Amino acid sequence: MSKWIDLEGAVNVRDLGGLPTTDGGEIRPGALLRSDNLQDLTPDDVRRLVADLGLRNVIDLRSEAEVNLLGPGPLTREPAVTIHHLSLFTEGGRYTDVEADTVDTDKVLPWQSRKDAGPESDRSVLHYLAYLADRPDSVVNALRVITGGTSIVHCAAGKDRTGVVVAFALHVAGVPREEIVADYTATGERLEAILARLRSSPVYAQDLDSRPADTHTPRAYTMEKFLATIDERFGDPLGWLERHGWTDDDTTALRTTLRG
């Protein structure tokens with residue numbers, strides 16, 4: 001399993017190093033991290049990430065609305081770190097997404113406009129598939145950023161959007177499906193702390209409180225069903241990536257970065 005990184009200003013941070021690959025290798029420690037929102041990092045947190053762990057790239061999957069409402073985080077002031085804002089929602093100008101074309105991006109989070117039916121896990125799968133449909137460019141570019149040095153992928157909770165991008169990266173690197181699912185569900189170990197932290201923010205509190213707490217639990221079924229759907233439609237996640245401009249050179253670069 002991946003290794004937890006305990007910070008003061010974020011609670012769902014882990015190093016994916018050590019995850020096994022199907023050919024007997026493993027993900028290189030320190031190559032890829034995943035996290036919840038990095039807005040509240042302390043100076044000590046920043047030093048640990050940048051100086052100790054060598055962080056060079058932040059892959060920020062939050063929407064334009066979230067970034068605007070919360071303002072710049074402490075890592076934006078680090079000259080050694082490059083911020084890559086790659087939203088997984090369709091956005092343009094002052095609007096959050098195409099389903100809410102009269103909604104001001106300063107007031108509404110993009111997922112609040114979506115109307116889904118069915119069990120919570122099935123709704124989550126639909127959201128994950130929508131990320132791929134709405135922003136294939138962001139998914140592909142996020143994986144390409146990872147090849148440029150130690151990277152951290154994050155969104156708000158570090159579960160859904162982060163889970164999709166990390167799952168694709170791990171698949172390309174050769175991590176077995178069961179390990180990808182286990183990494184996704186590991187967020188549940190910190191769920192109480194994640195929700196408490198998000199509820200302390202006026203940006204997320206109302207949205208979280210509008211739904212039962214158990215709807216936020218990362219379930220194995222959700223990631224299994226999402227990846228199975230990709231398998232059915234495209235062969236596997238690599239097949240989907242290739243449909244959107246991913247090349248053999250991209251695969252080689254990502255595997256080299258993550259596996260050494």
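Positions are given from 1 along the sequence. Remember, it's a predicted structure, so these values are computed and weren't measured experimentally.
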Original post:
Same cluster for Val13 and Tyr204 if Ile/Leu/Val/Met/Phe/Trp/Tyr side chains link at under 4.5 Å?
Top reply: no
Subject >> Gap between atom OG1 of Thr256 and atom CG of Leu258 - 0.5 Å precision >> reply: 9.0 Å
Original post:
Can you name the salt bridge (Lys or Arg N to Asp or Glu O under 4.0 Å) partners of Asp23, sequence neighbours left out?
Top reply: Arg259
Subject >> Check: Ser151 side chain, Gly149 main-chain N or O, donor-acceptor pair, under 3.5 Å >> reply: yes
Original post:
With hydrophobic residues grouped by side-chain heavy-atom distances under 4.5 Å, do Leu32 and Val81 end up in a single group?
Top reply: no
Original post:
To the nearest 0.5 Å, how far apart are CD in Glu64 and OG1 in Thr90?
Top reply: 12.0 Å
Subject >> Donor-acceptor under 3.5 Å (Glu179 side chain, Pro176 main chain) >> reply: no
**OP:** Decide yes or no on salt bridge (Lys or Arg N to Asp or Glu O under 4.0 Å) for Arg161 and Asp60, but give the supporting numbers first.
**Re:** CA-CA 10 Å; Arg161 291 167 284 183; Asp60 182 353; over 6 Å; no
Original post:
For the residue pair Val46 and Pro74, what are the closest heavy atoms and their distance?
Top reply: CG2-CB, 4.0 Å
Subject >> Least distance between heavy atoms, Ala173 atom then Thr21 atom >> reply: O-CG2, 3.5 Å
Subject >> Partner residues of Ser201 under the side-chain hydrogen bond (donor to acceptor under 3.5 Å, both in side chains) criterion, sequence neighbours left out >> reply: none
Original post:
Got a salt bridge between Lys225 and Asp122, using NZ or NE/NH1/NH2 to carboxylate O under 4.0 Å?
Top reply: no
Subject >> Ionic contact status for Arg14 with Glu189, cut-off 4.0 Å >> reply: no
**OP:** Can you label the angle between the Phe226 ring and the Tyr128 ring as parallel, tilted or perpendicular, going by 30° and 60°?
**Re:** perpendicular
May I have the list of side-chain donor-acceptor pairs in residues 137-146 shorter than 3.5 Å, sequence neighbours left out?
residue	atom	partner	partner atom	Å
Asp137	OD1	Arg135	NE	3.0
Asp137	OD2	Arg135	NH2	3.1
Ser138	OG	Ser87	O	2.7
Ser138	OG	Arg135	NH2	3.3
Asn141	ND2	Asp137	O	3.1
Arg144	NE	Asp250	OD1	3.3
Arg144	NE	Asp250	OD2	3.2
Arg144	NH2	Gly245	O	2.9
Arg144	NH2	Asp250	OD2	2.9

Original post:
Quick one: ring-ring contact (aromatic ring centres under 6.0 Å, His included) partners of Tyr184, sequence neighbours excluded?
Top reply: none
Subject >> Interatomic spacing from CG in Leu75 to CG in Leu55 - rounded to 0.5 Å >> reply: 6.0 Å
Original post:
What do the steps show when you test Tyr131 against Val165 for side-chain contact (heavy atoms from CB on, under 4.5 Å), and what is the final call?
Top reply: CA-CA 10 Å; Tyr131 301 155; Val165 169; over 6 Å; no
**OP:** Kindly write out the residues that satisfy salt bridge (Lys or Arg N to Asp or Glu O under 4.0 Å) with Arg177, not counting sequence neighbours, or none if the list is empty.
**Re:** Asp231
Subject >> Partner set under salt bridge (Lys or Arg N to Asp or Glu O under 4.0 Å) for Arg197, not counting sequence neighbours >> reply: Asp36, Asp40
**OP:** Just do the side-chain contact (heavy atoms from CB on, under 4.5 Å) check on His127 and Asp160 with the steps written out, would you?
**Re:** CA-CA 9 Å; His127 281 307; Asp160 300 314; over 6 Å; no
Subject >> Contact summary for Pro29 and Glu26, nearest pair of heavy atoms >> reply: CD-OE2, 4.4 Å
Original post:
Do Asp15 and Trp4 pass the side-chain contact (heavy atoms from CB on, under 4.5 Å) test, and can you show the C-alpha distance, the side-chain angles, and the key distance before you say yes or no?
Top reply: CA-CA 6 Å; Asp15 181 351; Trp4 290 104; over 6 Å; no
Original post:
Is Arg255 reaching over with its side chain to a backbone N or O of Gly174, donor-acceptor style, under 3.5 angstrom?
Top reply: no
Subject >> Test item: Ser35 and Thr162 side chains (from C-beta on) under 4.5 Å apart, heavy atoms >> reply: no
**OP:** Mind checking side chain to side chain contact (heavy atoms under 4.5 Å, CB included) for Thr42 and listing every partner two or more places apart, or none if nothing turns up?
**Re:** Glu8, Asp44, Asp45
Subject >> Contacts of Trp246 that satisfy side-chain hydrogen bond (donor to acceptor under 3.5 Å, both in side chains) - sequence neighbours left out >> reply: Thr251
Subject >> Spacing of Arg233 atom CZ and Ile230 atom CD1 [to the nearest 0.5 Å] >> reply: 7.0 Å
**OP:** To the nearest 0.5 Å, tell me how far Glu178 CD sits from Met223 CE.
**Re:** 14.0 Å
Original post:
When you look at Leu16 and Lys3, which way does the side-chain contact (heavy atoms from CB on, under 4.5 Å) test go after all the steps?
Top reply: CA-CA 7 Å; Leu16 301 175; Lys3 177 183 177 183; over 6 Å; no
**OP:** May I ask you to decide if Ala182's main-chain N or O and Thr185's side chain share a donor-acceptor pair within less than 3.5 Å?
**Re:** yes
Original post:
Are Phe168 and Ile152 connected in a single hydrophobic cluster, I mean Ile/Leu/Val/Met/Phe/Trp/Tyr linked by side-chain heavy atoms less than 4.5 Å apart?
Top reply: no
**OP:** Output all residues satisfying side chain to side chain contact (heavy atoms under 4.5 Å, CB included) with Asp249, sequence neighbours left out; order by chain, then residue number.
**Re:** Thr247
Original post:
Which distance, rounded to the nearest 0.5 Å, do you find between the CZ of Arg243 and the CH2 of Trp240?
Top reply: 11.0 Å
Original post:
Okay, side chain of Arg190, backbone of Val11: is any donor-acceptor separation there less than 3.5 Å?
Top reply: yes
Original post:
Closest heavy-atom contact between Glu66 and Ala156?
Top reply: OE2-CB, 3.8 Å
Original post:
Same hydrophobic cluster for Leu238 and Val181, using side-chain heavy-atom links shorter than 4.5 Å among ILVMFWY?
Top reply: yes
Subject >> Hydrophobic cluster identity match, Val58 and Val164, side-chain contacts under 4.5 Å >> reply: no
**OP:** Please identify each residue that fulfils side chain to side chain contact (heavy atoms under 4.5 Å, CB included) with Gln39, with sequence neighbours left out.
**Re:** Asn37, Arg62, Leu70
Subject >> Minimum heavy-atom distance between Cys155 and Leu61, given as atom pair plus value >> reply: CB-CB, 4.3 Å
Original post:
Leu53: what forms a side chain to side chain contact (heavy atoms under 4.5 Å, CB included) with it, not counting sequence neighbours?
Top reply: Ile5, Leu33, Leu49
Original post:
If every non-hydrogen atom of Pro136 is compared with every non-hydrogen atom of His244, which pair is closest and at what distance?
Top reply: CB-CD2, 3.4 Å
**OP:** Quick one: list whatever passes salt bridge (Lys or Arg N to Asp or Glu O under 4.0 Å) with Asp248, sequence neighbours left out.
**Re:** none
